[in-house]
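Residue numbers run from 1 in the order of the sequence given. Since this is a predicted model, take the numbers as computed values, not measurements.
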Amino acid sequence: MTAILRLRHLFASLFFALVFALFALPASAIEPIKISREDVALDLSRAVEIYRDQGENFQVSTAPGVDGIVRRIEVTALDERSSGDWAVFALANSTDQQLDRLIVAPHFRLVDSGLIWPDLGSNRIAAITPSEGFALDKQASRDADIFLVTLNPGSVVTFIAELSSPRLPQVYLWEPEAYKDTTNSYTLFRGIVIGIAGLLALFLTILFVVKGTSMFPATAALSWAVLAYICIDFGFLNQVLDITAGSEQLWRAGTEIALAATLVVFLFTYLNLNRWHLHFSYGAFAWVLGLVVLAGVALFDASVASGLARISFALTAVAGVGLITYLSFKGYDRAIMLVPSWLMILVWLTGSWMAVTGMLDNDIVQPALGGALILIILLIGFTVMQHAFAGGALHQGLFSDMERQALAITGSGDIVWDWDVLRDRVITKPDVSRQLGLSAGSLHGPARNWLPTLHTDDRDMFRTTLDVILEHRRGRMAQSFRLRGADGHYHWFTLRARPVIGSDGEIIRCVGTLVDVTEQKKAEERLLHDAVHDNLTGLPSRELFLNRLEAVISIARSEESVRPTVIVIDIDRFKQVNDGLGISAGDTILLTIARRLHRLLKPRDSLSRFGGDQFALLLLSEQDPARIAGVADAVKQAINAPITFAKREIVLSASIGLASWNSSQASAEDMVKDAELAMHQAKRFGGDRIEPFRPAFRSVGTDRLQLESDLRRAVERSELRLAYQPIVRLEDRSIAGFEALLRWEHPRRGPIPPSDFIPVAESCGLIVQLGLFAMQRAAEDFASWQKQIGDVPLSVSVNLSSRQLIRRDLVSDVRSVVARANIKPRCFRLELTESLVMDNPEQSAHILAKLKKLGIGLSLDDFGTGYSSLSYLTRFPFDTIKIDKSFIDDSSPKRSVLLRSMVNMAHELGLSVVAEGVGDENDALELRQMGCEYVQSFMFGPPLAADAAIKLLKEQYPLVQA
């Protein structure tokens with residue numbers, strides 16, 4: 001009886017959903033996934049649409065059926081564990097046979113599970129309701145939610161999945177036999193891996209009992225933790241114990257905590273860290289204690305505990321790298337033997353990180369990582385056994401302290417420096433003279449013999465250090481100095497020595513080590529040079545340039561003859577060079593420009609590269625304004641000169657700003673900013689020009705920020721409106737439509753032209769919001785006009801920006817705007833410029849084709865002013881082109897020929913033509929004779945408010961009543 005009531009309720013819900021779909025506003029329909037007999041496994045994860053917090057009753061539009069009709073159905077939650085989240089997808093049987101498939105949603109998937117708050121698995125789908133037939137039968141499975149679906153030939157079915165958890169990491173559509181075979185294959189692999197892991201853990205445990213050393217229980221504990229993790233990850237423990245989907249999260253978190261804890265214990269025990277420092281023992285104990293506390297946290301929030309355990313595992317691996325590296329350099333054999341195993345752990349950790357963050361996304365990753373973990377434990381086990389049975393502990397304590405220190409010095413490769421104070425004789429072993437290319441023993445003898453070989457800047461320090469030690473009879477020598485080799489080059493050495501006091505309290509010897517640190521010093525010099533110089537050109541960096549300018553300014557304050565000028569140079573449109581020729585070609589061109597600019601310098605001048613394609617010139621050699629302008633012009637000409645690369649000539653231009661110092665400028669930073677402001681102003685004027693700094697430039701950036709702030713508030717305060725300029729038919733001078741133009745009435749500044757606020761909106765990201773506002777308001781006003789004048793041949797056009805064109809939601813936004821306003825799609829038009837379309841022609845063609853399928857009109861604005869190719873024009877689904885006003889205003893004798901060619905070409909392509917900027921009747925008559933259908937200009941009507949536009953329409957259609 002309960003089943004009958006549920007069926008009645010379901011049919012009633014479907015009936016009301018159908019009625020709602022017939023009379024309600026249109027809604028977005030999903031795209032069905034076509035399947036065939038050859039498709040044995042399809043990943044539906046990206047095709048599933050998730051709807052959050054929809055409650056127990058959920059309505060959705062189905063995919064278009066075979067008849068092309070989009071229906072709307074309502075589904076009621078059937079499971080008490082329902083989260084209020086729903087998933088929707090559609091399948092289409094494109095064959096002429098009935099197909100059986102399994103919808104599989106795994107409970108746990110390591111890929112993209114997350115790092116901080118990972119998804120540890122749960123029931124994913126409570127029930128699935130198709131748009132045709134009854135709810136799907138759920139198949140018995142411990143590892144996944146599986147539903148059997150039968151698709152009739154040629155059918156299109158929409159499935160609404162009732163989710164048991166907020167996340168749905170993966171949904172697959174399997175052919176039943178293929179899924180069975182795949183499951184069996186994975187079962188065999190998992191069985192082999194678990195068997196190896198179990199035998200390894202048991203073997204290491206037995207070795208612990210037999211051998212009794214501390215490293216075996218630590219290794220055995222790590223192997224048992226790995227075995228437990230593998231059993232949970234492979235679902236083996238579910239077959240042994242009755243683990244529910246909810247408690248599986250606790251088990252999984254527990255095994256990950258155990259894995260992290262045993263890795264800490266193994267690292268501490270194997271490296272025997274307590275012998276190196278007691279702090280290692282405290283740190284390891286605190287770390288393991290924290291993980292034990294974390295196990296208690298898992299009882300309340302397993303996800304948080306698992307995330308912290310994963311972070312602990314990663315930190316242990318990183319800390320292990322440092323410890324192993326440090327101890328390996330000290331010659332500790334255990335650390336050296338552990339290097340291969342730890343490298344594998346790092347590789348495994350990298351793979352795991354890429355998996356949980358979604359960078360590796362396939363079904364093989366999870367079992368592969370499990371198998372790799374077993375290989376790591378195998379290698380660790382072999383390492384432990386090799387060390388335990390190699391007898392390494394038998395040789396401890398056979399050397400005396402003196403022998404051990406001698407071996408340590410020999411092994412380090414350092415030179416022993418021995419100064420016999422009583423005989424004043426210095427000896428080095430091995431002889432440092434040979435290293436310098438000098439004759440053998442040339443530096444053996446009195447300490448004063450070293451002075452001629454020392455660098456002149458280091459001699460006094462060397463002599464003073466020896467004198468101080470002799471005078472105070474204590475202290476240590478720690479000094480770096482330079483010794484000249486036979487080839488004249490200097491080598492850096494570091495001397496560390498201490499005095500040996502005799503029975504009478506006097507120093508009898510001074511013994512230490514001498515280390516060649518030439519390479520380290522060169523590396524330091526290179527780092528210092530690279531820190532303040534550009535790596536590509538070798539020019540000073542911005543920081544060094546500012547430092548030099550600050551020094552010059554400090555001189556200029558007291559000497560009138562010093563008047564620095566800063567010239568900032570920015571290459572125009574250099575990004576196109578990198579995009580077209582490649583970054584390596586761009587670097588070559590920058591080197592060429594740097595060399596050309598460097599040739600213009602005089603001894604007192606300085607050139608710097610600020611970064612990218614921007615250079616700066618500190619000019620001190622010229623004081624006269626005319627000569628400074630001459631230098632700037634020479635810089636411009638040097639950049640404008642063609643550059644030959646790959647058998648082609650490249651001509652560049654630059655925007656140049658210059659600022660000369662005056663007493664009002666406080667710092668070098670201010671002076672450079674003034675020059676940069678002048679450069680930006682030159683770029684605003686179109687580039688390829690020189691712009692001296694003027695104080696008014698400082699307010700440009702501030703005005704722009706204020707304008708951006710006001711524009712954000714204008715959207716919130718509804719200060720924006722639309723003005724509609726008529727598009728008139730030339731044949732009878734009737735109104736064919738309107739172009740919607742965005743206007744901003746600022747409360748303090750008054751009307752602000754679009755040329756001022758549209759670029760600001762594009763740069764700060766508001767253009768998408770403004771574009772959507774324009775589309776919605778234009779559609780709503782047009783719908784209001786139609787109610788008052790009836791269904792007349794009229795359209796409204798809205799301009800589209802570049803940011804809107806590249807958005808994935810553009811098609812759905814347009815569909816939603818047309819549906820909400822309840823207007824016919826053919827009455828709504830979008831206008832795009834040539835340059836906008838040609839920025840990315842492939843993507844533009846794809847998006848425009850989708851827009852065209854909606855039934856809306858597409859106009860190509862400012863035709864003839866861009867840089868498009870006519871071959872591309874045939875690929876775009878435009879139905880109208882708008883000839884730019886510059887062609888109408890052209891007074892050249894070829895104007896008529898050009899206009900007639902454009903109109904004829906448009907008609908041959910099946911496009912209508914709108915001429916913009918028509919100024920007089922003669923132009924209008926000429927355009928009509930050429931066949932141009934429409935015009936748009938102030939002569940035929942200025943932009944009007946919405947109420948003025950409807951008034952104009954009522955005058956044209958007086959017989960239509962509201």
Side-chain angles (χ1 to χ4, degrees), residues 26-36 39 42-50 61 63-64 68 70 88-92 94 156 361 575-576 579-580 762 765 767-772 774-776 778-779 795 797-819 824-882 905-906 909-912:
S28 300
I30 63 174
E31 294 290 334
I33 304 300
K34 294 182 180 180
I35 61 175
S36 62
D39 297 328
L42 292 177
D43 190 356
L44 304 180
S45 304
R46 299 183 183 275
V48 174
E49 297 183 5
I50 306 296
S61 297
V70 176
V88 181
F89 59 95
L91 302 177
S94 59
V156 179
D361 187 8
K575 182 178 183 298
Q576 296 179 8
D579 293 342
E762 289 181 342
I767 192 64
V768 174
Q769 188 175 354
L770 296 184
L772 188 58
M775 288 194 295
Q776 291 175 344
S795 65
S797 302
V798 180
N799 290 290
L800 202 65
S801 70
S802 58
R803 282 182 178 254
Q804 287 178 280
L805 183 61
I806 63 176
R807 290 183 70 244
R808 296 182 178 179
D809 298 335
L810 175 61
V811 178
S812 59
D813 287 344
V814 174
R815 185 191 295 115
S816 176
V817 165
V818 173
K824 295 180 180 178
R826 60 178 173 79
C827 300
F828 190 78
R829 308 184 67 83
L830 293 177
E831 294 191 5
L832 303 87
T833 63
E834 278 188 273
S835 300
L836 172 61
V837 173
M838 292 307 299
D839 280 345
N840 192 336
E842 300 297 335
Q843 183 179 4
S844 299
H846 178 70
I847 296 176
L848 293 179
K850 286 190 174 183
L851 291 171
K852 194 63 179 178
K853 287 182 181 180
L854 298 180
I856 68 170
L858 296 173
S859 298
L860 182 60
D861 199 7
D862 298 339
F863 180 74
T865 62
Y867 50 86
S868 67
S869 169
L870 294 180
S871 62
Y872 273 105
L873 185 59
T874 60
R875 297 175 53 187
F876 299 132
F878 292 109
D879 48 47
T880 303
I881 65 171
K882 300 184 75 173
M905 181 193 67
L909 295 176
L911 308 176
S912 57

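Legend: residues meeting salt bridge (charged side-chain N to carboxylate O under 4.0 Å, His left out) with Asp39, ordered by chain and number and at least two apart, are absent. Applying the salt bridge (charged side-chain N to carboxylate O under 4.0 Å, His left out) rule to Lys575 yields the partners Asp579; only residues at least two apart in sequence or on another chain are considered. Residues satisfying the side chain to side chain contact (heavy atoms under 4.5 Å, CB included) criterion with Ala778, sequence neighbours excluded, are Leu722, Tyr724, Ala740, Val796, Val798. Ser816 pairs by the side-chain hydrogen bond (donor to acceptor under 3.5 Å, both in side chains) definition with Arg820, not counting sequence neighbours. Among residues two or more places apart in sequence or in another chain, the side chain to side chain contact (heavy atoms under 4.5 Å, CB included) test is passed with Ala47 by Ile33.
Leu800 contributes atom CG, which lies 5.5 Å from atom CG of Leu810 (distance to the nearest 0.5 angstrom). With values rounded to the nearest 0.5 angstrom, Glu31 atom CD is found 9.0 Å from Glu49 atom CD. With rounding to the nearest 0.5 Å, the separation of CG in Leu44 from CD1 in Ile35 is 9.0 Å. The structure places CD1 of Ile856 at 4.5 Å from CG of Leu851, a figure rounded to the nearest 0.5 Å.
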Ignoring hydrogens and angles, write down the donor-acceptor pairs under 3.5 Å from the side chains of residues 824-832, residues two or more places apart or on other chains.
{"residue": "Lys824", "atom": "NZ", "partner": "Asp791", "partner atom": "OD2", "Å": "2.8"}
{"residue": "Arg829", "atom": "NE", "partner": "Ser859", "partner atom": "OG", "Å": "3.4"}
{"residue": "Arg829", "atom": "NH2", "partner": "Ser859", "partner atom": "OG", "Å": "3.3"}
{"residue": "Arg829", "atom": "NH2", "partner": "Asp879", "partner atom": "OD1", "Å": "2.2"}
{"residue": "Arg829", "atom": "NH2", "partner": "Thr880", "partner atom": "OG1", "Å": "2.7"}
{"residue": "Glu831", "atom": "OE1", "partner": "Lys882", "partner atom": "NZ", "Å": "3.2"}
{"residue": "Glu831", "atom": "OE2", "partner": "Lys882", "partner atom": "NZ", "Å": "2.9"}

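Taking all atoms of both residues into account, the shortest heavy-atom contact from Ala849 to Pro877 is N-CG, 4.0 Å. Scanning both residues, Leu854 and Val814, for their nearest heavy atoms gives CD1-CG1, 4.0 Å. Of all non-hydrogen atoms in Val817 and Met775, the two that sit nearest each other are CG1-O, 3.5 Å.
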Open item on the list: Assess the residue pair Leu42 and Leu91 against the criterion (side chain to side chain contact (heavy atoms under 4.5 Å, CB included)); give the C-alpha distance rounded to whole Å, side-chain angles, the decisive distance to 0.1 Å, and a yes or no.
Closed with: CA-CA 11 Å; Leu42 292 177; Leu91 302 177; over 6 Å; no
